[in-house]
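For reference, the structure discussed in these notes is given below.
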Amino acid sequence: MNVSVPRRAQKPLRRAHRRVPWRRAAALAAAFALAAPATAARAADAAGTADLISKVMLHVVLDADAFGIVTAGPAAPSGTTYTYVWSDETGELGRKTTTDKAALTPIGRAKFGRTVTLRVTATAPDGATETESSVPVVATRWRVGGLTYDDATRRFAWYSPQLPATFDAELGPVTVSYQWSRSGTPIPAEPGVAPWVHTRAAADEGQTLSVAVVSHQASTGAGSTWASTPTPQVGVVQVAYAITGSGLSGQTLAAEVRPTSWYPGDPTVVPELTCDHQWYRDGAAVYGETGPHHYVHTMERGRMLQARTRCTSPGYLPQTFWSAKLVVPGVPALVSLLGNDAVRDLGEYQGWTPDLWLNKGRPGSFYFGDPLSTSYLPTRSMSMVSLAGDLDDDGRDDLLARDSGGALWLYPFVRDRVRIGASGWGSMNLLVAGGDFTGDRSADLFARRSTGELVFYAGRGRQGLAAGKVVATSAFRSARHIVTLGDANGDGLADLHVVRPDGTLWFYPGRGNGGLAAPVRVGTGWGSMTRLLTGRDLDRDGKVDLLALDPAGRLWLYPGNGRGGFTARSLTNAGHPLTTAIS
């Protein structure tokens with residue numbers, strides 16, 4: 001039997017219709033069968049005839065076709081023919097007999113609001129027949145196309161359907177309206193422009209565009225709304241953005257940008273991106289790190305790295321991308337001047353040459369048999385030389401030197417020197433370098449003026465030194481020696497050790513930003529020592545050590561006890577006496 005469904009109860013499928021070759025009819029029949037909204041009653045089964053048809057479906061697309069699909073029953077043998085008959089209230093619209101399980105007949109816009117039904121009769125080779133009908137469909141659907149863009153006119157157009165504001169149909173006039181939307185927000189109509197056309201505006205950049213067509217027939221109440229698929233973001237290049245590299249110290253990270261899609265534009269012409277980069281460490285921009293690559297050094301262990309990339313391309317919006325955050329594994333360690341270990345090396349001016357020579361440090365002593373000198377090291381013309389810690393943010397120890405003109409120079413050892421202080425440093429009679437007094441893993445600097453003030457200069461990595469600030473006015477004026485070993489008490493901040501005129505050794509704990517806590521006496525009899533130097537962790541026990549040179553040229557190692565004091569000393573330079581011209 002046929003099932004009658006009220007006209008307004010029908011909901012057309014929102015799927016674009018297109019013509020297909022008949023050799024693909026079987027495949028289409030199967031595909032539409034999966035998406036079928038409803039099936040007809042099966043009159044033949046009630047009559048007990050052969051099971052030749054399982055399902056009949058009908059899709060009606062105005063200005064295109066009424067498309068019928070049959071799903072064959074389990075008893076349908078090869079060679080079964082199907083007679084398709086389309087009809088509406090006025091009578092038959094089309095008929096076709098074929099062995100294909102899909103067929104169509106043209107249907108024009110004049111049928112808007114009509115109820116269309118498809119009746120299919122299957123005839124087996126032995127003469128058995130079965131007839132079934134589709135669910136009736138109210139004809140309100142249009143062939144829905146996509147949006148095109150013309151760069152010359154800067155206009156988007158919906159190429160289907162393009163309908164007039166009103167057209168006549170058999171059951172009464174139909175009104176049509178279009179609504180363009182920008183990322184879901186309606187856009188006012190453009191005067192003097194076809195309603196299916198939209199002129200590109202500045203507000204469209206970075207937004208998606210879509211258009212909907214609304215058809216309504218007042219006489220029947222029939223109507224429908226069909227919308228285009230939203231475009232990609234207008235004027236945007238979509239990219240794949242990633243950071244490659246292991247993230248281990250000693251390795252290089254790379255920010256890679258690859259265009260994946262762009263709209264609008266020729267899909268075969270890849271936009272040329274121009275990108276600049278900025279690397280961040282613990283959320284702060286790393287000075288000078290503005291390329292796509294970042295070398296991860298040992299002092300960055302335990303810190304969080306991230307890259308920000310900004311890309312531009314002619315005709316497209318600029319975009320900013322942030323990489324995922326990456327924490328560098330491991331424990332921070334300052335790499336020494338020579339090699340890739342963390343053992344402190346010793347600089348020495350020998351009597352017969354103006355050049356500074358480096359002696360390789362080894363646990364507890366130094367190797368004096370094969371010193372090294374290069375053009376990257378300061379010469380004897382420098383009035384003051386000191387081991388400086390990581391002043392240039394590369395994870396490696398540096399040298400700091402003052403020339404006769406009062407300028408301050410950084411010697412990265414493997415690169416040419418860089419001036420980090422203009423003239424004026426000649427008034428300083430002592431430089432105390434090599435410690436991180438602020439906890440940011442950048443080396444800082446103390447300098448004592450000839451008038452006795454102690455001035456603190458916070459290190460800013462590749463940005464040089466911050467402005468100095470006086471932290472003491474008289475307490476250090478008469479001190480014989482001032483030295484920083486680094487963090488001597490394990491609180492994460494560098495400290496000072498000071499020898500007073502009476503030969504007592506005092507420990508000043510650092511309190512951050514150049515401040516010092518009340519001193520503690522940690523030794524006596526130090527007045528005879530001619531030079532104090534940081535030993536870093538020369539004996540490799542995890543605590544910073546002190547080096548002291550006596551009048552006989554012997555360099556003694558005083559292992560730190562982790563509380564600002566020291567344990568029993570040992571000699572580091574047996575058979576190789578040293579002068580005070582060491583660093």
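Atoms considered below: every heavy atom in the structure, side chains included; atoms not considered: hydrogens, waters and symmetry mates.
- Between the CG atom in Leu399 and the CG atom in Leu410 there is a gap of 8.5 Å [rounded to 0.5 Å].
- In this structure, Arg402 forms no cation-pi arrangement with Trp425, as its terminal cationic atom is not both closer than 6.0 Å to the ring centre and no more than 45° off the ring axis.
- Side-chain rings of Phe566 and His497 approach one another, their centers coming within less than 6.0 Å.
- Of the residues Leu147, Asp151, Thr153, the one that meets the side-chain contact (heavy atoms from CB on, under 4.5 Å) test with Tyr149 is Asp151.
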Determine, stepwise, if the pair Asp537 / Val343 fulfils side-chain contact (heavy atoms from CB on, under 4.5 Å). CA-CA 7 Å; Asp537 181 16; Val343 181; over 6 Å; no
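- A salt bridge does not link Arg200 with Asp150: every distance from a Lys NZ or Arg NE/NH1/NH2 to an Asp or Glu carboxylate oxygen is 4.0 Å or more.
- A distance below 6.0 Å separates the ring centres of Tyr508 and Phe476.
- Formation of a donor-acceptor pair under 3.5 Å by the Asp436 side chain with backbone atoms of Asp440 is found in this model.
- Defined by atom type and a distance below 3.5 Å, a donor-acceptor pair is missing between the side-chain atoms of Arg521 and Thr504.
- Here Leu547 contributes atom CG and Ile582 contributes atom CD1; the two are 7.5 Å apart, rounded to the nearest 0.5 Å.
- Between the side chain of His481 and the backbone N or O of Met529 there is at least one donor-acceptor pair closer than 3.5 Å.
- Side-chain contact of Ser183 with Gln207: a donor-acceptor pair under 3.5 Å is present, judged by distance alone.
- For the atom pair Ser210 OG and Arg182 CZ, the distance stands at 11.0 Å (nearest 0.5 Å).
- Residue Ser386 holds its OG atom at 13.5 Å from OH of Tyr411, rounded to the nearest 0.5 Å.
- The aromatic ring centres of Tyr280 and Trp322 sit less than 6.0 Å apart.
- For the residue pair Arg563 and Asn489, no side-chain donor N or O sits within less than 3.5 Å of a side-chain acceptor on the partner.
- Within the 4.5 Å cutoff, the side chain of Leu305 has heavy atoms near those of the Leu253 side chain.
- Gln278 contributes a side-chain N or O that, together with a main-chain N or O of Val286, makes up a donor-acceptor pair within less than 3.5 Å.
- Side chain of Glu348 to main chain of Ala581: no donor-acceptor pair is present (N/O by atom type, distance under 3.5 Å, no hydrogens or angles).
- Heavy-atom neighbours of Arg380 CZ from other residues, nucleotides or ligands within 6.0 Å: above the threshold of 12.
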Do Tyr457 and Phe437 pass the side-chain contact (heavy atoms from CB on, under 4.5 Å) test, and can you show the C-alpha distance, the side-chain angles, and the key distance before you say yes or no? CA-CA 10 Å; Tyr457 297 87; Phe437 289 86; over 6 Å; no
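- When side chains are defined from C-beta on, Gln306 counts as touching Met304, because their heavy atoms get closer than 4.5 Å.
- Using a 4.5 Å cut-off on side-chain heavy atoms (C-beta onward), Val239 and Phe321 make contact.
- The closest side-chain heavy-atom distance from Asp495 to Leu485 is not below 4.5 Å.
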Step-by-step side-chain contact (heavy atoms from CB on, under 4.5 Å) determination, Tyr241 to Ser323: CA-CA 7 Å; Tyr241 179 61; Ser323 74; 3.9 Å; yes
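- Here the two rings, on Phe456 and Phe446, have centers that are under 6.0 Å apart.
- A side-chain N or O of Thr309 and one of His277 form a donor-acceptor pair less than 3.5 Å apart.
- Taking the ring axis of Trp506 as reference, the NZ or CZ atom of Arg500 stays within 45° of it and closer than 6.0 Å to the ring centre.
- Between His198 and Leu209 the shortest side-chain heavy-atom distance falls below 4.5 Å.
- Counting only distance, with no hydrogens or angles, the side chain of Asn359 and the backbone of Pro371 share no donor-acceptor pair below 3.5 Å.
- Put simply, CZ on Phe368 and NZ on Lys360 are 12.5 Å apart, with the number rounded to the nearest 0.5 Å.
- For Thr530 (side chain) and Leu549 (main-chain N/O), a donor-acceptor pair under 3.5 Å exists by modelled atom type.
- Residues Arg511 and Asp491 are paired through a salt bridge, judged by an N-O separation under 4.0 Å between the basic side chain and the carboxylate.
- When Arg462, Arg441, Arg415 are each tested for a salt bridge (charged side-chain N to carboxylate O under 4.0 Å, His left out) with Asp394, only one passes: Arg415.
- Remark: of the listed residues Leu346, Leu578, Asn573, Leu346 is the sole one forming a side-chain contact (heavy atoms from CB on, under 4.5 Å) with Phe366.
- Applying the side-chain contact (heavy atoms from CB on, under 4.5 Å) test between Asp398 and each of Asp390, Leu387, Val418 identifies Asp390 as the sole match.
- Evaluation of the salt bridge (Lys or Arg N to Asp or Glu O under 4.0 Å) rule for Arg281 yields Glu300, Asp393 as partners, not counting sequence neighbours.
- A donor atom on one side chain and an acceptor atom on the other are not found under 3.5 Å apart for Tyr367 and Arg362.
- Listed for the Ser365 side chain is no donor-acceptor partner under 3.5 Å among the backbone atoms of Thr572.
- For the pair Ser427 (side chain) and Gly424 (backbone), a donor-acceptor distance under 3.5 Å is present.
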Intermediate values then yes/no, side-chain contact (heavy atoms from CB on, under 4.5 Å), Asp545 and Arg536: CA-CA 6 Å; Asp545 308 316; Arg536 301 271 189 256; over 6 Å; no
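- With a 4.5 Å cut-off on side-chain heavy atoms, Arg344 and Leu533 count as touching.
- Counting only N and O atoms by type, the side chains of Glu205 and Gln233 include no donor and acceptor under 3.5 Å apart.
- When the options Val498, Leu496, Thr473, Val470 are evaluated for a side-chain contact (heavy atoms from CB on, under 4.5 Å) with Leu454, the one that passes is Leu496.
- In summary, the aromatic rings of Tyr287 and Trp279 are positioned with their centroids too far apart to meet the 6.0 Å limit.
- Judged purely by distance below 3.5 Å, without hydrogens or angles, the side chains of Ser474 and Arg477 never pair a donor atom with an acceptor atom.
- At a threshold of 4.5 Å between non-hydrogen side-chain atoms, the residues Ser404 and Ser383 do not count as touching.
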Please walk me through it: do Arg303 and Asp282 pass salt bridge (Lys or Arg N to Asp or Glu O under 4.0 Å)? CA-CA 6 Å; Arg303 307 188 91 172; Asp282 292 339; 3.1 Å; yes
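- Without hydrogens or angle criteria, Thr252 side chain to His294 main chain gives no donor-acceptor distance under 3.5 Å.
- For the residue pair Ser249 / Arg301, a side-chain donor-acceptor distance below 3.5 Å is found, with atom types taken as modelled.
- Residues Thr231 and Tyr263 have side chains that never bring a donor and an acceptor to within less than 3.5 angstrom of each other.
- Side-chain atoms of Val270 and Trp262, non-hydrogen and from C-beta on, do get closer than 4.5 Å to each other.
- In this structure, the side chain of Asp345 engages the main chain of Gly361 through a donor-acceptor pair within 3.5 Å.
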Starting from the C-alpha separation in whole Å, work towards a yes-or-no answer on ring-ring contact (aromatic ring centres under 6.0 Å, His included) for Phe413 and Tyr376. CA-CA 5 Å; Phe413 177 60; Tyr376 294 113; 7.1 Å; no
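- Thr379 and Asp355 are not linked by any side-chain donor-acceptor pair at a separation below 3.5 angstrom, with hydrogens and angles left out of the test.
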